[in-house]
*Asks:* 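Can you keep this structure in mind? I'll have questions shortly.
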Amino acid sequence: MSKLSSREVKIGASVLIALIALVFGINYLKGVNIFKAANYYYASYTDVTGLAQSAPVTLNGYKVGLVREVAYEYDNPGHVRVELSLDRKLRLPVGTKAEIVTDMLGTSTIQLIMGTSQDMIEVGSKITGIEGSGLMDKVSTELMPTVMQIAPGIDSLVKSLNVIAGDPALLNSVRHLDAVMANLESTTTRLNSAMTAVPAIVTNANATMANVKEISANLTQLSGVLAKLSDDLKDMPLDSTMRSINNIAVNLDRATEQLNSTNSSLGLLLNDPALYNNINNTAAHLDSIMIDLKKQPKRYIPSIKVF
């Protein structure tokens, strides 16, 4: 009997543990932490489309709780009761509102809008619920009227674009642009070919710069030599030398004048034809006398004996 009872206790304990794990797992999947203390409030709405149990409750974008339960209020037809589970440390001032916010995918969350009163709402009390407009509502109420206003302008713009697209000048411009792009591509190819010669040009430029440096060094050396020569020229008696050169030039001028003049012996010798002819005749006579002397020496020197 005792063995049977102990077996039943074990089975019962196992079932109880399994139930507890199941409840904990279901709540965990719903986002409910049963071990965390929370405060409960509720709000009433007429439309909770997209709002599901365990939906997050946010404050300034931060999650401070979740939707504990969503139930229809049979005692208040047309309204849905939403129970909120909020952090125990969060206190709600009087005037706080719970707004339903729907995202682009149609999923709804609750956003708290804190009041400014110094008094706090009692835990378990009702807070004001606001049904926010969804994305599609905003599109239909805000975007569509604007689209309808600009639709005529879009139609006229499309017509203008069609007229511009059919203009032959535009086609000619496109063809001209194609030609320009072809020329640009050809220019780019030539530029790439020219860039291949840049390394050789750089090498020649380096060699030229080396030659320029060498020439500069030679010019510096030549400048030093010229500077030394200039110093030597400064030390030379240039004044007396120039005076001597001037005197020599004057004397040469005088000698030239005398040679050209007939008032001097050298001038007469160089310029008088008669004197030249006389000297020439005299030389001819002397030549004939010398010839005759060779032939008949006795005529001129009687004492010479001929053997």
*Asks:* Decide ring-ring contact (aromatic ring centres under 6.0 Å, His included) for Tyr42 and Tyr40; before the verdict, give the C-alpha distance in whole Å, the side-chain angles of both, and the deciding distance to 0.1 Å.
*Replies:* CA-CA 7 Å; Tyr42 73 93; Tyr40 297 96; over 10 Å; no
*Asks:* According to a 4.5 Å side-chain heavy-atom criterion applied to Ile, Leu, Val, Met, Phe, Trp and Tyr, with indirect links allowed, do Val123 and Val94 form part of one hydrophobic cluster?
*Replies:* yes
*Asks:* Under 4.5 Å side-chain heavy-atom separation, chaining through any Ile, Leu, Val, Met, Phe, Trp or Tyr, what else clusters with Ile215? Say none if it is isolated.
*Replies:* Leu219
*Asks:* Flag yes if more than 12 heavy atoms outside Asn60 fall under 6.0 Å of its CG atom; otherwise flag no.
*Replies:* no
*Asks:* Would you give the length of the straight line joining atom CD of Glu83 to atom OH of Tyr41, rounded to the nearest 0.5 angstrom?
*Replies:* 12.0 Å
*Asks:* Roughly how far, to the nearest 0.5 Å, is the CD1 atom of Ile100 from the OH atom of Tyr45?
*Replies:* 5.0 Å
*Asks:* Has Ser108 got a side-chain atom pairing as donor or acceptor with Thr49's backbone, closer than 3.5 angstrom?
*Replies:* yes
*Asks:* Got a second to check how far Leu66's CG is from Thr109's OG1, nearest 0.5 Å?
*Replies:* 12.0 Å
*Asks:* Do Val80 and Thr46 touch side chain to side chain, with heavy atoms closer than 4.5 Å?
*Replies:* no
*Asks:* Determine yes or no for a side-chain-to-main-chain donor-acceptor pair under 3.5 angstrom, with Ser216 supplying the side chain and Val212 the backbone.
*Replies:* no
*Asks:* In this structure, would Tyr72 and Val67 fall into the same cluster of hydrophobic residues linked by side-chain contacts under 4.5 Å?
*Replies:* yes
*Asks:* Looking only at heavy atoms, what is the nearest atom pair of Asn39 and Asp87, with distance?
*Replies:* ND2-O, 3.9 Å
*Asks:* Tell me if the CD atom of Glu122 is crowded by more than 12 foreign heavy atoms within 6.0 Å.
*Replies:* no
*Asks:* In Å and rounded to the nearest 0.5 Å, what is the CD1 to CG distance from Ile127 to Leu86?
*Replies:* 7.0 Å
*Asks:* Please name the pair of heavy atoms, one in Gln53 and one in Arg68, separated by the smallest distance, quoted to 0.1 Å.
*Replies:* NE2-O, 2.9 Å
*Asks:* Could you grab the distance from atom CE of Met114 to atom CG of Leu90, nearest 0.5 Å is fine?
*Replies:* 5.5 Å
*Asks:* Measure the spacing between OG1 of Thr187 and CG of Asn183 and express it to the nearest 0.5 Å.
*Replies:* 6.0 Å
*Asks:* Go through the steps for Ile113 and Thr96 under the test side-chain contact (heavy atoms from CB on, under 4.5 Å), then give the verdict.
*Replies:* CA-CA 6 Å; Ile113 303 175; Thr96 299; 5.9 Å; no
*Asks:* In terms of hydrophobic clusters joined by side-chain contacts under 4.5 Å, are Leu112 and Tyr62 together?
*Replies:* yes
*Asks:* Please find the pair of heavy atoms, one from Ala52 and one from Val70, that lie closest to each other, and give the distance.
*Replies:* C-CG2, 4.5 Å
